[in-house]
Chemist: 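Right, I'll just put the structure down here and ask away after.
Just so we're clear, the structure is a prediction, and the values are computed from it rather than from any experiment.
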Amino acid sequence: MAGKVTLLGAGPGNPELLTVLGQRRLKEAEVIFFDRLVNPSLLALANPMAEMVDVGKLPRFHRVKQAKINELLIEYAQAGKHVVRLKAGDPYVFGRGGEEAQVLTAAGVDFEVIPGITSAIAGLAAAGIPVTHRDYASSFHVITAHHQADGKTIDWPNVAKMEGTLVFLMGMANLDEICRHLVEHGKPATTPVAVIQWATQWRQKQVIGDLATIQAKVAAAQLTAPALIVIGDVVRLSADLAPHLPLQGHHFLVPISKTKRLFHALQDEGATADFYPRARQVEREIALPKLQDYDGVAFDSIAAFRTVARRLPQSGQDLRSLAGRQILVPNAMIAAHLRASGLVADDVTQFTGRLLEFGTGEALFKDSTFIDLYATTKASLHLMPSLTEFDGVVFPSQASVMDFLATLDDEQQAILPLLTAYAMGDTVAQAAQVAPFKQVVTCPTKTAGVITTIKEDVLHE
């Protein structure tokens with residue numbers, strides 16, 4: 001089968017700024033090429049079975065040379081794979097997408113280009129800077145600050161005379177040079193400048209100055225690449241137009257899920273969030289026992305209940321087989337889900353009798369006959385972010401606590417005392433107590449209650 005390559009624009013970083021088509025291609029991909037500019041949360045949205053190829057680059061240091069990347073794209077596609085080349089921003093805006101497309105064309109490889117929202121526009125908006133404004137700028141110019149391989153440099157006399165907004169991409173290593181040349185060729189030293197690092201992401205930082213002061217301010221704030229350099233009068237609007245929401249400037253880790261309710265709710269309050277991965281579970285081929293042979297049935301998770309309900313008919317049973325049995329669950333969230341499905345869990349503090357328990361890994365109830373429904377593959381996350389950047393991590397279940405802790409290396413484990421755990425329910429809070437978090441805050445089991453608790457905690461410190 002013939003393979004193909006998708007040159008996919010990831011946008012500026014916020015996962016919700018990835019296009020709908022881009023999300024679909026990530027889920028379909030068999031191989032994904034990514035680099036350091038890609039938000040780790042985007043990889044969490046990908047096909048979990050996809051092969052991940054890190055071709056990350058640092059300023060002035062190329063981990064994988066572009067020629068090798070081109071070679072690998074062709075090799076995988078010719079082997080019949082659907083390859084996604086995930087590129088920050090838009091592939092055709094200083095992303096070398098055009099060069100890669102030419103190489104693929106010459107090799108006879110089918111490819112497509114899916115545009116992404118460029119940070120040259122979206123990154124400014126995230127900082128409250130309109131790229132154009134009737135009273136300040138009627139045009140904008142996007143310039144790469146990288147020197148060409150053939151030695152060509154920027155036409156500074158012409159650029160300095162341009163009216164409107166100047167946006168420099170990939171220019172942090174040359175910030176001094178940019179400011180100096182613009183002033184030397186006629187730009188007033190008082191021209192406003194903004195530098196925005198990791199625009200739209202949980203790690204966004206920015207400083208504002210002018211052509212004479214911005215270098216010192218960037219150094220004091222320790223801003224580094226990747227960052228946008230914005231020059232022009234529109235920068236003056238940032239103070240008034242920057243977003244002002246209750247959780248602005250606060251960052252949280254939430255579990256990847258199908259609905260992404262926590263992620264959406266936090267973003268709507270102004271917070272930024274990143275995903276931590278969950279362990280991947282594959283159903284075991286197990287024949288379910290007769291429920292009538294037991295006095296009680298326990299479900300350790302919502303997924304366990306759904307799986308049992310779906311597979312009961314395969315063994316000649318259905319949910320009517322629960323009649324006359326006590327139904328046990330470990331927390332209120334699972335009980336609420338069962339109630340919505342027409343079943344009421346029993347309030348049992350001490351169960352006696354024959355108990356059949358469905359779950360994953362280990363039994364939660366004493367002296368039960370435990371059925372492990374899933375084979376579990378431990379989670380891993382490419383480009384796991386520094387935990388020092390986050391205010392807290394949200395846990396909706398006991399399993400999510402275990403999955404999160406399993407992703408951490410020794411260095412990340414050492415940072416846990418700086419991180420607050422927000423646990424959805426008492427049993428989840430007990431599970432989180434096994435780790436040395438700064439504090440474990442018990443939250444309600446519904447999303448709205450979690451957000452309210454987080455706001456009360458971080459805004460009243």
Chemist: Is a side-chain donor or acceptor of Thr445 paired with a backbone partner of Gly425 at a separation under 3.5 angstrom?
Modeler: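 A pair under 3.5 Å: no.
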Chemist: Go through the steps to decide whether Leu247 and Lys455 satisfy the test side chain to side chain contact (heavy atoms under 4.5 Å, CB included), and finish with yes or no.
Modeler: CA-CA 7 Å; Leu247 291 177; Lys455 287 168 67 175; 3.9 Å; yes
Chemist: Pair Arg203, Gln197 - check side chain to side chain contact (heavy atoms under 4.5 Å, CB included), show working.
Modeler: CA-CA 8 Å; Arg203 43 194 165 181; Gln197 182 182 22; over 6 Å; no
Chemist: For the CD1 atom of Ile229 and the SG atom of Cys179, what is their distance to the nearest 0.5 Å?
Modeler: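 Spacing of CD1 (Ile229) from SG (Cys179) equals 7.0 Å.
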Chemist: Are any of the side-chain heavy atoms of Ile69 and Arg85 separated by less than 4.5 Å?
Modeler: yes
Chemist: State whether a side-chain donor-acceptor pair under 3.5 Å links Gln201 with Thr272.
Modeler: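 There is no such pair between these side chains.
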Chemist: Going by atom types alone, do Gln248 and Glu269 pair a side-chain donor with an acceptor below 3.5 Å?
Modeler: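 Their side chains do not contain a donor-acceptor pair, so the 3.5 Å distance test is not met.
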Chemist: Can any side-chain N or O of Asn331 pair as donor or acceptor with the backbone N or O of Ile334 at less than 3.5 Å?
Modeler: yes
Chemist: Has Arg261 got more than 12 heavy atoms of other residues, nucleotides or ligands less than 6.0 Å from its CZ?
Modeler: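 No.
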Chemist: Could you go through residues 335-343 and list every donor-acceptor pair under 3.5 Å that involves a side-chain atom there, pairing it with any protein atom two or more places apart or in another chain?
Modeler:
residue, atom, partner, partner atom, Å
Ser341, OG, His337, O, 3.2

Chemist: Could you tell me the separation between the CG atom of Leu312 and the CG atom of Leu291, rounded to the nearest 0.5 Å?
Modeler: 5.5 Å
Chemist: Give me the atom names and distance for the closest heavy-atom approach of Leu8 to Gly22.
Modeler: CD1-CA, 3.5 Å
Chemist: Who pairs with Gln215 by side chain to side chain donor-acceptor pair (under 3.5 Å), at least two apart in sequence or on another chain?
Modeler: none
Chemist: Where do Asp300 and Gly359 come nearest, in terms of heavy atoms and distance?
Modeler: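 That would be OD2-CA, 3.7 Å.
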Chemist: Does the pair Phe252 and Phe390 meet the rule for a ring pair (Phe, Tyr, Trp, His ring centres under 6.0 Å), with working shown?
Modeler: CA-CA 5 Å; Phe252 300 91; Phe390 293 92; 8.4 Å; no
Chemist: For the residue pair Asp372 and Gly361, what are the closest heavy atoms and their distance?
Modeler: OD1-N, 3.3 Å
Chemist: Tell me, do Ile231 and Thr165 make a side-chain contact under 4.5 Å, heavy atoms counted?
Modeler: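 Side chain of Ile231 against side chain of Thr165, heavy atoms only: no contact under 4.5 Å found.
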Chemist: For a quick test of reading the model, state the closest non-hydrogen atom pair linking Leu86 to Ala10 and the distance between them.
Modeler: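 What the structure gives for the nearest pair is CD1-CB, 3.7 Å.
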Chemist: Carefully, step by step, assess Lys81 and Glu51 under the rule salt bridge (charged side-chain N to carboxylate O under 4.0 Å, His left out).
Modeler: CA-CA 10 Å; Lys81 301 291 187 181; Glu51 179 182 350; over 6 Å; no
Chemist: If you measure from OG on Ser139 to CG on Leu166, what distance do you get to the nearest 0.5 Å?
Modeler: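 The distance works out to 8.5 Å.
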Chemist: Just by modelled atom types, is the Gln412 backbone N or O under 3.5 Å from a matching donor or acceptor in the Asp409 side chain?
Modeler: yes
Chemist: A quick test of your reading: do over 12 heavy atoms of other residues, nucleotides or ligands sit less than 6.0 Å from NZ of Lys205?
Modeler: no
Chemist: Applying side-chain contact (heavy atoms from CB on, under 4.5 Å) between Val207 and each of Val218, Ile196, Val193, report the one that passes.
Modeler: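 Of all the options given, the one that passes is Val218.
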Chemist: Backbone N or O of Phe263 within a donor-acceptor pair of the Gln267 side chain at under 3.5 Å?
Modeler: no
Chemist: Counting distance only, does the side-chain N/O of His244 pair as donor-acceptor with the main-chain N or O of Ala242 below 3.5 Å?
Modeler: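 Side chain of His244 to backbone of Ala242: a pair is present.
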Chemist: Is the gap between the ring centers of Tyr374 and Phe358 under 6.0 Å?
Modeler: no
Chemist: I'd like to check Pro12 versus Ile117 (side-chain heavy atoms, cut-off strictly below 4.5 Å). Are they in contact?
Modeler: yes
Chemist: Using a 3.5 Å distance criterion without hydrogens, assess whether the side chain of Ser301 forms a donor-acceptor pair with backbone atoms of Ala304.
Modeler: yes
Chemist: Taking side chain as C-beta onward, heavy atoms only, is Leu26 less than 4.5 Å from Leu18?
Modeler: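 Contact flag for Leu26/Leu18 side chains = yes.
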Chemist: As a quick check of understanding, evaluate side chain to side chain contact (heavy atoms under 4.5 Å, CB included) for Phe33 and Leu73, giving each step before the final call.
Modeler: CA-CA 9 Å; Phe33 284 67; Leu73 289 174; 4.0 Å; yes
Chemist: Are side-chain N/O atoms of Asp426 and Gln430 paired as donor and acceptor at under 3.5 Å?
Modeler: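 Checked: Asp426/Gln430 side chains show no N/O donor-acceptor pair below 3.5 Å.
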Chemist: Give a yes or no on whether the ring-centroid distance for Tyr422 and Phe395 is below 6.0 angstrom.
Modeler: no
Chemist: About how many Å separate CD1 of Ile178 and CD1 of Ile143, when rounded to the nearest 0.5 Å?
Modeler: 8.5 Å
Chemist: Once rounded to the nearest 0.5 Å, what's the spacing between atom CZ of Phe370 and atom CG of Leu373?
Modeler: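 Spacing of CZ (Phe370) from CG (Leu373) equals 7.5 Å.
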Chemist: With the side chain counted from C-beta on, respond yes when Arg25 and His82 share a heavy-atom pair under 4.5 Å apart, and no when they do not.
Modeler: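 Side chain of Arg25 against side chain of His82, heavy atoms only: contact under 4.5 Å found.
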Chemist: Output, in order, the C-alpha distance, side-chain angles, deciding distance and verdict of salt bridge (charged side-chain N to carboxylate O under 4.0 Å, His left out) for Glu16 and Lys260.
Modeler: CA-CA 11 Å; Glu16 292 197 297; Lys260 305 179 185 67; over 6 Å; no
Chemist: For residues Val195 and Leu228, determine if any side-chain heavy atom of one lies less than 4.5 Å from a side-chain heavy atom of the other.
Modeler: no
Chemist: Give me the atom names and distance for the closest heavy-atom approach of Val440 to Ala423.
Modeler: CG1-CB, 4.3 Å
Chemist: Could you check Asn70 against Glu99 for side chain to side chain contact (heavy atoms under 4.5 Å, CB included), going step by step and ending with a plain yes or no?
Modeler: CA-CA 9 Å; Asn70 297 342; Glu99 299 171 40; 5.9 Å; no
Chemist: With salt bridge (charged side-chain N to carboxylate O under 4.0 Å, His left out) as the criterion, how do Glu28 and Arg24 come out once you've worked through the C-alpha distance, each side chain's angles and the decisive distance to 0.1 Å?
Modeler: CA-CA 6 Å; Glu28 296 169 347; Arg24 180 152 63 91; 3.5 Å; yes
Chemist: Minimum heavy-atom separation for Gly116 to Asp90, with atom names?
Modeler: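 Between these two residues, the closest heavy atoms are N-OD2, 3.0 Å.
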Chemist: Does Val55 offer a backbone N or O that forms a donor-acceptor pair with the side chain of Arg36 under 3.5 Å?
Modeler: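 No: the side chain of Arg36 does not pair with the backbone of Val55.
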Chemist: Determine whether a donor-acceptor pair (N or O, by modelled atom type, separation under 3.5 Å) exists between the side chain of Gln314 and the backbone of Ala287.
Modeler: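 Pair absent, no side-chain N/O of Gln314 close to backbone of Ala287.
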Chemist: Is there a side-chain contact between Ile208 and Ser238 in this structure, where contact means two heavy atoms from C-beta onward sitting under 4.5 Å apart?
Modeler: yes
Chemist: Would you call the rings of His251 and Trp202 parallel, tilted or perpendicular, where under 30° means parallel and over 60° means perpendicular?
Modeler: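 The rings of His251 and Trp202 stand perpendicular, inter-plane angle above 60°.
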Chemist: Can you tell me if Glu112 uses its side chain to pair, donor with acceptor, with the backbone of Leu7 under 3.5 Å?
Modeler: no
Chemist: With rounding to the nearest 0.5 Å, note down the distance linking OG1 in Thr153 to CG in Asn174.
Modeler: 11.0 Å
Chemist: Is any side-chain heavy atom of Glu456 less than 4.5 Å from a side-chain heavy atom of Val441?
Modeler: no
